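Numbering starts at 1 and runs along the sequence shown. Remember, it's a predicted structure, so these values are computed and weren't measured experimentally.
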Amino acid sequence: MFNSFFEYHNKTKHSYYSVRSFPNRLDWDNQPSAFKSYPKEFKKIELDLEKENHSFIYYIAGITAKKSYPGVEYYLRVNPSAGALYPNEIYFQSRNNEDIEDGIYHFDVASSSITLLKKIKQDGLESYFGLNKKTEGFIFLLSSIYYRSSWKYKNRAFRYCLLDAGHLLGCLEVSSYIHNKEYEIKYDFDKKGLNALFSFDNKEFFTSSFLITKSLDQEVLELKLDLPTIDGSYYFEENEIIESAYKDSLEIKSSKKEIRKPNFNYNKDFFKEVVLKRRSIREFAKQSISKIEFETIMKLLNEPIPSDCNETLDIYCVINRVEKMKLGLIKNGEYIKEGDFMNKAGYLCLEQDLGKSSAVTYFICSNSNNYQAMYQKAGILGHRLYLASNYLKIGCSGIGAYYDDEVCEFLGEYTQVLYALAIGK
C-alpha cells in the first residue's frame, strides 16, 4: 500500500530498464468490456440528434466509428482513450432540461442511449456539492472503472484513467461550446458519498464533475438511490496500488479557483465535423507547420478552464519543424534551450518515431499537489490540442508513455511529467 500519491507516481515511472525488464503481457482471455449497461428494467431513451440536449450528450462520448479485425472488433468514440480501452463512465442529473425528464441517468454509450436510474422531484445530488437549494440544468459525474486500463497498463493505469477523464471533460467543454452552455468543473465534492450512493464497489470510483447549473430558490431533499452494483468490466483483477492512490489523492488541498471563461472562435459547422472525425495520427510525413499555426494552437491551449481547483501546469514544446522558428525547447512560450532535439524527443517518448518526426512534441508537467485535478487538467489540454490541431488540418497523437526521469533531466527541472503529445503533418 502507498502512503501518498507522490509515491504512486514515483513507483509507476517508466525507465529504459523497467520497460525492458517488465514488459506487458496481455491476457486476451480476460479482456474487460469497454461498455457498462444497466439491466432491462431500467428505462433507456435512445438519443435523437435532432433534439438539442440529446445532441449535447452525444458529443460528449458518442460512438463515431467501428473497427473490425480478425477476431477483434472495437468502437471509436468522440473522446480519445489510451489503448482504446475507455475506462471512464458518465452519469448525470437533469432538471428542467427540454426533452430529458428530470432524473438521474447513465450514458449507455454502446446503445447511444441514456438510462434513467431514478426520477427526481424535490430530491437531487446538490447536497453532495455543499448546496442546500435545487439547481436546474445538468450535473455530470465522471467515474473510472480502472481494470479496463490496468488490464493493459498495470499499475500505471490510474494515470491513464485520469488523463482519459480529462479528455471527457474536454469533450464536455467542446459540447458546451457547440450547444451554447456555460459550465464549471468541480473536483472538490463528496466523492466517497457518491460512490456509496451509486452502489459502486472497489471496481469503480468518481473522479470529477461538470456543472451546467442555475440555482433555484427551492429546498432540495437528500437523494435516495437503490441501484444494483453493476460490474462494468465483466472481468476484474484487484489492484491495491491503484485503489490506494485514488484514496490518497481524494482530498483537495489549497485549491485556486478559476472563474474566467475560455474564448473560442471556431466555425461551428466545420468544428463539429472535426470533433466527429478526430483520430490519433500514427505517423508524420516530417512536414513543417507555420509559426502562425503554432501560435494559434498555443493561444487555444492557454484559454482559461473554469474550475474550483485550477492547478498550475507547465507546457514544454520541443520545436522540430515550425517555419520561422528556431529549433529548441520552449517552456510556457519562452525558449530555455536552442538546438536540434528531434532524436532526443523521440527517445524520451519510449523511442517512438512520433516524438522525433513531429513538428512539435509537447510535455505537460506540474509540481502541483492535487493529483487528480492536475492530471485531468492535463487531459483537457490534450483534448484542446487534438481539436485545435485537427481544425488546422494538422495531425495529433497523445503519448502516455515516456521515460519520466530522463524527461525531467532534459527539461532541467524535477517535475511530474503528466502527458506527452505530438503534432505535425
Check residues 336-347 and write down every donor-acceptor pair under 3.5 Å in which the side-chain atom is one partner and the other belongs to a residue at least two apart or another chain.
residue : atom : partner : partner atom : Å
Lys337  : NZ   : Phe410  : O            : 2.4
Glu338  : OE2  : Lys326  : NZ           : 3.4
Asp340  : OD1  : Met342  : N            : 3.1
Tyr347  : OH   : Glu406  : OE1          : 3.0
Tyr347  : OH   : Glu406  : OE2          : 3.0

Legend entry - Pair Glu303 + Lys261: basic N to acidic O under 4.0 Å: no
Inset, instruction - Determine the minimum heavy-atom distance between Ser209 and Leu169, stating which atoms define it. - result: O-CD2, 4.3 Å
Legend entry - Under 3.5 Å side-chain donor-acceptor pair for His179 and Ser55: yes
Legend entry - Exceeds 12 heavy-atom contacts within 6.0 angstrom, atom CD of Glu413: yes
Inset, instruction - Please determine if Arg159 forms a cation-pi arrangement with Tyr146, meaning its NZ or CZ atom is less than 6.0 Å from the six-membered ring centre and no more than 45° off the ring axis. - result: no
Inset, instruction - Taking the six-membered ring for Trp and the single ring otherwise, decide whether the centroids of Phe363 and Tyr316 are under 6.0 Å apart. - result: no
Inset, instruction - Report the C-alpha separation of Tyr386 and Asn79 in whole Å, then their side-chain angles, then the decisive distance to 0.1 Å, and conclude whether the side-chain hydrogen bond (donor to acceptor under 3.5 Å, both in side chains) test is met. - result: CA-CA 10 Å; Tyr386 262 101; Asn79 54 306; over 6 Å; no
Legend entry - Met374 CE to Asn367 CG distance, which is reported to the nearest 0.5 Å: 8.0 Å
Legend entry - Shortest non-hydrogen contact between Ile60 and Cys171, atoms and distance: O-CB, 3.1 Å
Legend entry - Pi-cation contact, Tyr86 with Arg148 (under 6.0 Å, within 45°): no
Inset, instruction - Applying salt bridge (charged side-chain N to carboxylate O under 4.0 Å, His left out), name anything that partners Lys192, two or more places apart in sequence or on another chain. - result: none
Inset, instruction - Answer yes when Arg384 and Glu173 have at least one side-chain N-carboxylate O distance shorter than 4.0 Å, and no when they do not. - result: yes
Legend entry - Lys/Arg cation over aromatic Phe284: Lys425, 6.0 Å, 45° cone: no
Legend entry - Partner of Tyr91 by ring pair (Phe, Tyr, Trp, His ring centres under 6.0 Å), out of Phe107, Tyr128, Phe200, Phe210: Phe200
Inset, instruction - State whether a side-chain donor-acceptor pair under 3.5 Å links Ser144 with Asn88. - result: yes
Legend entry - SB check Lys152 Glu237 (cutoff 4.0 Å): no
Legend entry - Lys/Arg cation over aromatic Phe206: Lys191, 6.0 Å, 45° cone: no
Inset, instruction - Please determine if Lys186 and Glu184 form a salt bridge, counting it only when a charged side-chain N lies under 4.0 Å from a carboxylate O. - result: yes
Inset, instruction - State which residues pass side chain to side chain contact (heavy atoms under 4.5 Å, CB included) with Ile292; sequence neighbours excluded, sorted by chain then number. - result: Ser290, Thr296
Inset, instruction - Is it possible for you to check whether Arg20 lies under 6.0 Å from the centre of the six-membered ring of Tyr16, through NZ or CZ, and within 45° of that ring's axis? - result: yes
Inset, instruction - Report yes if the distance between the aromatic ring centroids of Tyr371 and Tyr375 is under 6.0 Å, otherwise no. - result: yes
